[in-house]
Protein chains: 2
Amino acid sequence: MSRRILKYAILGLLSKEDMSGYDITSEFKKAIGQFWSAKHSQIYVELKKLLEENSISQYIKMAGVKLEKKMYSLTTKGKEELRNWLLELDKNVETEKDIFALRLYFLKDIPTEEIPVLFNNQLKLRTEKLSFLKEQFSFHFGGEKNPLHLDAEALGHYFVLTKAISREENYINWLNKSLDIINKQESR
Amino acid sequence: MSRRILKYAILGLLSKEDMSGYDITSEFKKAIGQFWSAKHSQIYVELKKLLEENSISQYIKMAGVKLEKKMYSLTTKGKEELRNWLLELDKNVETEKDIFALRLYFLKDIPTEEIPVLFNNQLKLRTEKLSFLKEQFSFHFGGEKNPLHLDAEALGHYFVLTKAISREENYINWLNKSLDIINKQESR
DNA sequence: TCCAACATGTAACAAGTTACATGATTTG
DNA sequence: CAAATCATGTAACTTGTTACATGTTGGA
């Protein structure tokens, strides 16, 4: 993988507001999780490291009577590091790994009758994901189709959601086109 | 990551023809590298492991006078494993990691004048990649737009290339739309 | 004859997953 | 009062990257 992306993902989230490890884990289940994610086990060790490196600081927030929730905020150093990272220009496009596409490349080893099964499974998964994303979009931006009035924070969210939605729509479109070719071939 | 995807990527490639570690490394720079890839260092250790596990077998092919090229082929076990893996149904869609989208989510921390710089850099990278993919497409499928006559092996290649091309076109489209919004906002 | 591409490997390290482990709080 | 969710952590292991290391072959 690339150089400490999780570090910057965490710094970026903390730049919006103070969060606990659990909060960060939850964020990765929402919009930004479409483009980066991590399990809680990885997040807790990264937070520990970031704290040691003084990129973030910690304080306790009581949740109920006994539960000490550990909250984190950016330090000056952390803010500086985030800002520098955000301005870095990518040198090349990394492989966007996709197991379904990989499988399909080996099409000749898949029995003909199984091919539509694989496609339909993928269509189902992608359609469900698209619904989830569209719900998220309505929830945050409602019927409002015009993003011109949004502030910078909301606009970041808007871009990421529209990106994820167009990615899934494009994926589904390609699946349908390809399945069409498969069906026409079979009746050759 | 998921369970030994590299193993199956290698088995799949070897199912097309016998290859050396170097050949496999080269394949990951072409079409299939859009959806899965690995460095030679990882490939050589995986080949060693696959050989020990009897999923592949090895023989020597002289390349020149001294150079012993190590060729690998699938064993019966390897073929069986590949076939089973190809029929597995995905249970969920994995995060397709994208650093540019991640950065953009943190838009509010990017100075306004730097935003178009980031977009233009990404547009350049994606446009270059699209050109590469279209060249690959012409090379393999020429002016021929009709895939109905292709055999299973060529069709797998066709699907993967059209997938990669539509992914990049869609990406560029979203970049242009988003940059448009940015420009309109600035002159608000 | 030089240089790019061909060819193969190991070591150290970083990143990511799965499983184990425990306890508190909220909601029905 | 039970179950779901909130909340935090560690250990073992797998996967992936970067750097180190070396030698051959083909073409300009």
Side-chain angles (χ1 to χ4, degrees), chain A residues 1-11 18-30 33 35-53 56 58-72 85 90-92 94-97 99 102, chain B residues 1-11 13 18-30 33 35-53 56 58-72 90-92 94-97 99 102:
Chain A
M1 290 304 90
S2 325
R3 248 178 84 255
R4 297 197 70 183
I5 308 300
L6 180 59
K7 163 177 170 172
Y8 297 103
I10 290 175
L11 295 183
D18 293 359
M19 287 184 192
S20 66
Y22 189 88
D23 295 336
I24 292 167
T25 307
S26 306
E27 284 302 312
F28 284 133
K29 287 169 188 158
K30 300 189 221 162
F35 300 105
W36 205 267
S37 66
K39 308 282 159 105
H40 79 271
S41 53
Q42 201 187 354
I43 291 165
Y44 287 115
V45 306
E46 188 65 34
L47 284 169
K48 203 177 175 182
K49 202 171 170 189
L50 257 21
L51 193 60
E52 276 164 18
E53 294 169 348
I56 59 175
Q58 191 194 61
Y59 61 94
I60 301 296
K61 185 181 167 189
M62 295 308 296
V65 192
K66 283 186 175 176
L67 219 184
E68 300 188 346
K69 203 172 155 172
K70 295 185 183 174
M71 302 297 290
Y72 297 92
W85 181 76
D90 294 317
K91 292 275 186 291
N92 48 60
E94 278 166 68
T95 298
E96 289 170 43
K97 296 188 168 182
I99 297 173
L102 176 66
Chain B
M1 289 303 92
S2 325
R3 249 178 84 255
R4 298 195 70 182
I5 309 299
L6 180 58
K7 163 177 171 173
Y8 298 103
I10 290 175
L11 295 183
L13 288 171
D18 292 359
M19 288 185 191
S20 66
Y22 189 87
D23 296 335
I24 291 167
T25 307
S26 307
E27 285 302 311
F28 284 133
K29 287 169 188 158
K30 300 188 220 163
F35 299 106
W36 203 269
S37 67
K39 307 283 158 103
H40 79 272
S41 54
Q42 201 188 356
I43 291 165
Y44 287 115
V45 306
E46 187 64 35
L47 284 169
K48 204 177 175 181
K49 203 171 168 189
L50 256 23
L51 193 60
E52 277 163 17
E53 295 169 348
I56 59 175
Q58 192 195 59
Y59 61 93
I60 301 296
K61 186 182 168 187
M62 295 307 297
V65 192
K66 285 184 175 177
L67 219 184
E68 299 188 345
K69 202 171 156 173
K70 295 186 181 172
M71 302 298 289
Y72 297 92
D90 294 318
K91 292 276 186 291
N92 48 59
E94 278 167 68
T95 297
E96 290 171 40
K97 296 188 169 181
I99 298 172
L102 176 65

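In what follows, every chain begins at residue 1, and chains take the letters A, B, ... in the order their sequences are listed. Everything quoted here is computed from the prediction, not taken from an experiment.
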### Query
Rounded to the Å, how far apart are A:Glu46 CD and C:dA15 C1'?
9 Å

### Task
In whole angstrom, give the distance that lies between atom CD of B:Glu94 and atom C1' of C:dT18.
14 Å

### Query
Reckon B:Ser41 touches a base, only the sugar-phosphate, or nothing at all at heavy-atom distances under 4.0 Å?
base

### Query
Would you say the side chain of A:Glu68 lies within less than 4.5 Å of the side chain of A:Met62, judging by non-hydrogen atoms?
yes

### Message
Whether B:Lys97 contacts C:dG16 is assessed here as follows: a side-chain N or O lying under 4.0 Å from the phosphate OP1 or OP2. Is that the case?
### Response
yes

### Query
Would you say A:Lys39 reaches C:dG16's phosphate, i.e. side-chain N/O to OP1/OP2 under 4.0 Å?
no

### Message
How many whole angstroms separate atom CE of A:Met19 from atom C1' of D:dA7?
### Response
16 Å

### Summary
Whole-Å distance, A:Lys61 NZ to D:dA7 C1', equals 13 Å

## Note on the structure
Rounding to 0.5 Å, atoms CD1 (A:Ile60) and NZ (A:Lys70) come to a distance of 6.0 Å

### Query
Given atom CE of B:Met62 and atom C1' of C:dC6, what is their separation to the nearest angstrom?
14 Å

### Query
Does a salt bridge link B:Lys49 with B:Glu46, judged by any charged N lying under 4.0 Å from a carboxylate O?
no

### Query
Do we see a donor-acceptor contact under 3.5 Å between the side chains of B:Asp23 and B:Ser26?
no

### Task
Report the residue (A:Leu6 or B:His40) whose heavy-atom-nearest nucleotide on DNA chain C is the more 5′ of the two.
B:His40

### Task
Please give the angle, rounded to 10 degrees, between the axes at the start and the end of the helix from C:dT1-D:dA28 to C:dG28-D:dC1, where five pairs define each axis.
40°

### Phosphate contact (D:dT8 OP1 or OP2) by A:Lys70 side-chain N/O below 4.0 Å
no

### Query
Choosing from D:dT17, C:dA15, D:dA7, which nucleotide comes nearest the side chain of A:Lys49?
C:dA15

### Task
Using only side-chain N and O atoms of A:Gln42, determine if any of them is under 4.0 Å from OP1 or OP2 of C:dG16.
yes

### Query
When rounded to the nearest 0.5 angstrom, what distance separates CG in A:Leu6 from CG in A:Leu11?
9.5 Å

### Task
Select one nucleotide: of D:dA7, C:dG16, C:dA7, the one nearest the side-chain heavy atoms of B:Asp23.
C:dA7

#### Entry: Nearest-angstrom distance from the residue atom CG of A:Leu67 to P of C:dT26
9 Å

#### Entry: Shortest side-chain distance from A:Ser20, nucleotide among D:dT8, C:dA15, D:dG23
D:dT8

### Task
Find the distance A:Ile5:CD1 to C:dA14:P and express it as a whole number of Å.
15 Å

### Query
Is the shortest heavy-atom distance from the side chain of A:Glu96 to the side chain of B:Lys97 under 4.5 Å?
no

### Below 4.0 Å: OP1/OP2 of C:dT8 and any side-chain N or O of B:Lys48
no

### Message
Can a donor-acceptor pair be found, under 3.5 Å and without considering hydrogens, that links the side chain of B:Ser37 to the backbone of B:Phe28?
### Response
no

### Task
Among the candidates D:dT24, D:dG9, C:dA7, find the nucleotide nearest to the side-chain atoms of B:Ala63.
C:dA7

### Query
Given D:dC6, is OP1 or OP2 found less than 4.0 Å from the side-chain N or O atoms of A:Lys69?
no

### Summary
Considering only heavy side-chain atoms of A:Tyr44, the closest of C:dT8, D:dG9, D:dT25 is D:dG9

### Message
Within the structure provided, determine whether B:Arg4 and B:Leu50 are in side-chain contact (heavy-atom separation under 4.5 Å).
### Response
yes

### Message
In this structure, how many angstroms lie between the P atom of D:dA4 and the NZ atom of A:Lys29, rounded?
### Response
15 Å

### Task
Please determine, for the side chain of B:Tyr22, which listed nucleotide (D:dT24, C:dC6, D:dG9) has the closest atom?
C:dC6

